[in-house]
Chemist: 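Below is one structure. I have some questions about it.
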Amino acid sequence: MDRRKGTLVVRGLLLLACAVALVTVPSAQQPAGGCAPATSAREPAASPSHDYFVELASRPDCMAAFSLRDNAQLSKFMHGPNTLGQRVTYDPANDTDPRRQDAAKVVVPAGEPSLRTTVRLPIGTSDGTTTLVTWDAWFGSEFRFEETGINNYKNFQFASPAKRIWFEVKTRFSAVAEPNSRRATSARRAGKGEVGKKQETAPTPMPSPPGKSGERPDIGVVDARAYLRVGPNVTNKGSLSPKAGTFTIRAETWTRYWVLIEQRANDWDLVSLWVADANHDPTQIIDRRQLNVNGSVDEFWLQYNTSTRRTDGLGQRVGYARNVVMLRNSTDVSTLLRRPLK
């Protein structure tokens, strides 16, 4: 082999190695011994609220980790019209909301029912593997059904393949609504969007004591939906059933989610879901329901979308999200189910 051909072969092998690395490592933040450092040059020092993220990101079975405490990271994975700018941002030092959190801020502007620029994070699954995805979210009290007339939000989406909805974790706000709410009654009479239509049977919410001001802290019930084909152990894919339990989202309280995807060749794939918050232990909502992955689960979306069309009377809604971690082939899932810190 002459020197010129040898050089071309070496270059070709290097390019192939780089291509393989890009396919098998969905996040650029993946040093040896884990997925991501505790912080980056753009992130503040970690606090106890982020210890769980640091622990999981340092595990050898971590395949991707996104703190969401880096605006450049959020900008990189933004999806939607560039003319609208980012609706999910990180800048706590200049956050004027008195409830501000050390996390990505999600803003659905007044007069808009849904988040129009979302964040889509790469995953990448395959047959014969299990993937555990966990993240934290916080909802402002203004998401309540009584305030918006919006029945539910498709908050978190798993796409299979990319850009195609497959399995979503949503919040059913109407499940805990005050029956005599003036705004809810008015919205029903108007018959706009989902309000006024026949609703799916909602899970029975867990009771919760009144807040300090007498305002109920409950804002919605966790629900899930499956798309594409489902297996014989699923009785309803619109509100994925049967359910193993129920969990109520409390306003302005950090909530943690876990989704476990067991992807099996030539068989139904199995999906499980647990939820906890800063004051309540993890509850399993979905227990190994049979779904059909279309090759791979490629992306995880911060979606915050509703089918409701109404825009009148909608004020701005604020939420926060943080610390998305994806683990591959974890064998100790039960030990990872822990409450988030406030």
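In what follows, every heavy atom counts, from backbone to side chain, and hydrogens, waters and symmetry copies are set aside. We number each residue from 1, following the sequence as shown.
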Chemist: Is there a side-chain contact (heavy atoms from CB on, under 4.5 Å) between M78 and V88? Walk through the geometry before answering.
Modeler: CA-CA 8 Å; M78 186 188 89; V88 183; over 6 Å; no

Chemist: Measure the shortest side-chain to side-chain distance between R69 and H50 over non-hydrogen atoms and say whether it is less than 4.5 angstrom.
Modeler: yes

Chemist: Under 3.5 Å, is there a donor on one side chain and an acceptor on the other for Y320 and D95?
Modeler: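 Present: a donor and an acceptor within the cut-off.
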
Chemist: Going hydrophobic residue to hydrophobic residue with side-chain gaps under 4.5 angstrom, can you get from V106 over to F143?
Modeler: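 V106 and F143: one cluster.
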
Chemist: So which heavy atom on A321 is nearest to which on W254, and how close?
Modeler: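 Looks like N-CH2, 4.1 Å.
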
Chemist: Tell me whether Y257 shares a hydrophobic cluster with L270, the cluster being built from Ile, Leu, Val, Met, Phe, Trp, Tyr side chains joined at under 4.5 Å.
Modeler: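 Different clusters.
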
Chemist: Hey, is CZ on R164 packed in by over 12 heavy atoms from elsewhere, all under 6.0 Å?
Modeler: no

Chemist: Would you call K243 and D223 a salt bridge, taking side-chain N to carboxylate O under 4.0 Å as the test?
Modeler: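 Yes, charged N to carboxylate O under 4.0 Å.
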
Chemist: Do R322 and W138 form a cation-pi contact, if we require the NZ or CZ to be under 6.0 Å from the six-membered ring centre and within 45 degrees of the ring's axis?
Modeler: no

Chemist: Could you work out, with salt bridge (Lys or Arg N to Asp or Glu O under 4.0 Å) as the rule, every residue matching R339, not counting sequence neighbours?
Modeler: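 With neighbours one apart ignored, the set is D281.
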
Chemist: Is the F156 ring parallel, tilted or perpendicular to the F139 ring (thresholds 30°, 60°)?
Modeler: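 Ring orientation of F156 relative to F139: perpendicular.
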
Chemist: Closest heavy-atom contact between H280 and A276?
Modeler: O-CB, 3.5 Å

Chemist: Write down the atom of S330, the atom of D61, and the distance for their closest heavy-atom approach.
Modeler: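 The pair with the smallest heavy-atom distance is OG-OD2, 2.9 Å.
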
Chemist: For the pair Q290 (side chain) and N233 (backbone), establish whether a donor and an acceptor sit closer than 3.5 Å, ignoring hydrogens and angles.
Modeler: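 Yes: the side chain of Q290 pairs with the backbone of N233.
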
Chemist: Find the distance between CZ (R120) and CD (Q303) and round it off to the nearest 0.5 Å.
Modeler: 7.5 Å

Chemist: What are the two closest non-hydrogen atoms of D70 and A72, and how far apart are they?
Modeler: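 Smallest heavy-atom distance, with atoms named: OD1-N, 3.0 Å.
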
Chemist: Roughly how far, to the nearest 0.5 Å, is the OG1 atom of T96 from the CG atom of D91?
Modeler: 10.0 Å

Chemist: Checking side-chain contact (heavy atoms from CB on, under 4.5 Å) for the pair F300/W135: CA distance, chi angles, key distance, verdict?
Modeler: CA-CA 10 Å; F300 170 75; W135 68 96; 3.5 Å; yes

Chemist: Tell me if a side-chain donor or acceptor on T117 pairs with a main-chain N or O of R87 at a distance below 3.5 Å.
Modeler: yes

Chemist: List the steps, then state whether side-chain contact (heavy atoms from CB on, under 4.5 Å) holds for T148 with E142.
Modeler: CA-CA 8 Å; T148 67; E142 61 270 26; over 6 Å; no

Chemist: Mind checking whether F158 and F167 have parallel, tilted or perpendicular rings, split at 30° and 60°?
Modeler: tilted

Chemist: Do V271 and L273 have side-chain heavy atoms sitting under 4.5 Å apart?
Modeler: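 Contact flag for V271/L273 side chains = no.
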
Chemist: Can a donor-acceptor pair be found, under 3.5 Å and without considering hydrogens, that links the side chain of T253 to the backbone of A251?
Modeler: yes

Chemist: Please confirm whether the backbone N or O of K342 pairs with a side-chain atom of S49, one donor and one acceptor, at under 3.5 Å?
Modeler: yes

Chemist: Taking atom types as modelled and ignoring hydrogens, do the side chains of Y227 and E168 form a donor-acceptor contact shorter than 3.5 angstrom?
Modeler: yes

Chemist: Using the rule that two of Ile, Leu, Val, Met, Phe, Trp, Tyr join whenever any of their side-chain heavy atoms come within less than 4.5 Å, decide whether V108 and V318 are in one cluster.
Modeler: no

Chemist: Output yes when R59 and D332 qualify as a salt bridge under the 4.0 Å nitrogen-oxygen rule, no when they do not.
Modeler: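 Salt bridge: yes.
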
Chemist: Give a yes or no answer on whether the side chain of W166 reaches the backbone of N292 with a donor-acceptor pair at less than 3.5 Å.
Modeler: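 Yes: the side chain of W166 pairs with the backbone of N292.
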
Chemist: Check whether Q101 reaches the backbone of P92 with its side chain - one donor and one acceptor, N or O, closer than 3.5 Å.
Modeler: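 The answer is no, because no donor-acceptor pair under 3.5 Å joins these two groups.
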
Chemist: Tell me the salt bridge (charged side-chain N to carboxylate O under 4.0 Å, His left out) pairs involving residues 228-242, sequence neighbours left out?
Modeler: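 For residues 228-242: none.
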
Chemist: Is there a side-chain contact between V234 and L240 in this structure, where contact means two heavy atoms from C-beta onward sitting under 4.5 Å apart?
Modeler: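 Side chain of V234 against side chain of L240, heavy atoms only: contact under 4.5 Å found.
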
Chemist: Check for me, please, whether Y90 and L84 land in the same ILVMFWY cluster - side-chain distances under 4.5 Å, paths through other members count.
Modeler: no

Chemist: For G220 and V176, which heavy atoms make the closest approach, and how far apart are they?
Modeler: N-CG2, 3.4 Å

Chemist: How long is the gap from CG on L314 to CD on E147, to the nearest 0.5 Å?
Modeler: 10.5 Å

Chemist: For R250 and T248, indicate whether the former's side chain and the latter's backbone hold a donor-acceptor pair under 3.5 Å.
Modeler: yes

Chemist: Would a distance-only check, ignoring hydrogens and angles, find a side-chain to backbone donor-acceptor pair under 3.5 Å from T129 to N329?
Modeler: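 Absent.
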
Chemist: Indicate yes or no: at least one non-hydrogen side-chain atom of P122 is less than 4.5 angstrom from one of F77.
Modeler: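 Counting from C-beta outward, P122 and F77 do come under 4.5 Å.
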
Chemist: Measuring only between side-chain heavy atoms, which start at C-beta, is L336 closer than 4.5 Å to L56?
Modeler: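 Yes. Closest side-chain heavy atoms under 4.5 Å.
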
Chemist: Is atom CZ of R116 surrounded by more than 12 heavy atoms (other residues, nucleotides or ligands) closer than 6.0 Å?
Modeler: no

Chemist: Return the CG to OG distance between L291 and S160, rounded to the nearest 0.5 Å.
Modeler: 9.5 Å

Chemist: What I'd like to find out is whether the side chain of I249 reaches to under 4.5 Å of the side chain of V222, using heavy atoms alone.
Modeler: yes

Chemist: Would you mind reporting whether R289 and S241 have side-chain heavy atoms less than 4.5 Å apart?
Modeler: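 A side-chain contact is absent here, since even the closest heavy-atom pair is not under 4.5 Å.
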
Chemist: Kindly compute the distance separating OH (Y153) from OG (S307), expressed to the nearest 0.5 Å.
Modeler: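 One finds 11.0 Å between OH of Y153 and OG of S307.
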
Chemist: Does R288 offer a backbone N or O that forms a donor-acceptor pair with the side chain of S272 under 3.5 Å?
Modeler: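 Between the backbone of R288 and the side chain of S272 there is a qualifying donor-acceptor contact (under 3.5 Å).
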
Chemist: Within the 4.5 Å heavy-atom criterion, are N151 and R172 side-chain neighbours or not?
Modeler: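 Result yes, sub-4.5 Å side-chain heavy-atom pair found.
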
Chemist: Please check if any side-chain donor atom of S141 sits under 3.5 Å from a side-chain acceptor atom of E252, or the reverse.
Modeler: yes

Chemist: Working to the nearest 0.5 angstrom, can you tell me the gap between T255 OG1 and I219 CD1?
Modeler: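 If we round to the nearest 0.5 Å, T255:OG1 and I219:CD1 are 8.0 Å apart.
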
Chemist: Are R256 and D136 within salt-bridge range, i.e. N to O under 4.0 Å?
Modeler: yes

Chemist: Going through the distances and angles, do T134 and Y52 end up as a side-chain contact (heavy atoms from CB on, under 4.5 Å)?
Modeler: CA-CA 10 Å; T134 182; Y52 182 78; 4.2 Å; yes

Chemist: Within the distance-only criterion (no hydrogens, no angle test), does the side chain of T125 pair as donor or acceptor with the backbone N or O of V297 below 3.5 angstrom?
Modeler: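 Between the backbone of V297 and the side chain of T125 there is a qualifying donor-acceptor contact (under 3.5 Å).
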
Chemist: For L302, which of L68, T118, L121 qualifies under side-chain contact (heavy atoms from CB on, under 4.5 Å)?
Modeler: L68

Chemist: State whether a side-chain donor-acceptor pair under 3.5 Å links Q263 with D127.
Modeler: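 Yes.
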
Chemist: If you compare all heavy atoms of R99 against all heavy atoms of D97, which two are closest, and at what distance to 0.1 Å?
Modeler: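 Looking at all heavy atoms of both residues, the shortest contact is N-OD1, 2.8 Å.
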
Chemist: Would F53 end up clustered with W258 when hydrophobic side chains under 4.5 Å apart are linked, directly or stepwise?
Modeler: yes

